[in-house]
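In this text, all values refer to a predicted model and were calculated from it rather than measured experimentally.
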Amino acid sequence: MKADGRRLLWRCRRGLLELDLVLKAFVETYYPSLGAEELRHFDKLLDLTDTELWGLIARDAATLDHGEARLLKMLRELRAVP
């Protein structure tokens with residue numbers, strides 16, 4: 001993984017175990033195929049607090065940003081994987 005990928009993994013380490021697991025799986029599964037715009041949206045999501053981000057993922061909360069909505073859909077699918 002490139003240096004920026006390692007930085008991204010570090011940013012994905014959170015205080016909530018569930019969030020850690022979903023974010024780690026997301027980076028491992030989707031990071032290599034994300035474009036620059038998607039990476040900007042993901043970086044913006046990572047700026048949220050753990051509670052805010054988990055609320056968007058776990059409660060299927062809506063976001064007004066189309067790019068973030070696409071990433072949240074991907075995160076929600078990973079949350080559902082046992």
For residues Leu45 and Leu53, report the shortest heavy-atom separation together with the two atoms involved.
-> O-CD2, 3.9 Å
Taking all heavy atoms of Leu56 and all of Leu72, pick out the closest pair and write down the distance.
-> CB-CD2, 3.9 Å
First locate atom [atom1] of [X], then atom [atom2] of [Y], and finally report the distance between them rounded to the nearest 0.5 Å.
| X | Y | atom1 | atom2 | value |
| --- | --- | --- | --- | --- |
| Arg70 | Leu34 | CZ | CG | 7.5 Å |
| Leu21 | Phe26 | CG | CZ | 15.0 Å |
| Met74 | Glu77 | CE | CD | 8.0 Å |
| Tyr31 | Cys12 | OH | SG | 10.5 Å |
| Asp50 | Glu18 | CG | CD | 10.5 Å |
| Leu71 | Glu37 | CG | CD | 10.0 Å |

N-O pairing of Arg14 and Asp20 below 4.0 Å = no
With a 3.5 Å distance limit and no angle check, can you tell me whether [X] reaches the backbone of [Y] through a side-chain donor-acceptor pair?
| X | Y | answer |
| --- | --- | --- |
| Glu52 | Thr49 | yes |
| Arg79 | Ile57 | yes |
| Glu28 | Ala25 | no |

Would one find more than 12 heavy atoms of other residues, nucleotides or ligands at under 6.0 Å from atom CZ of Arg11?
-> yes
Given the rule in the side-chain contact (heavy atoms from CB on, under 4.5 Å) test, do Leu46 and Leu23 qualify, once you have shown the distances and angles that lead to the verdict?
-> CA-CA 9 Å; Leu46 292 178; Leu23 291 174; 4.0 Å; yes
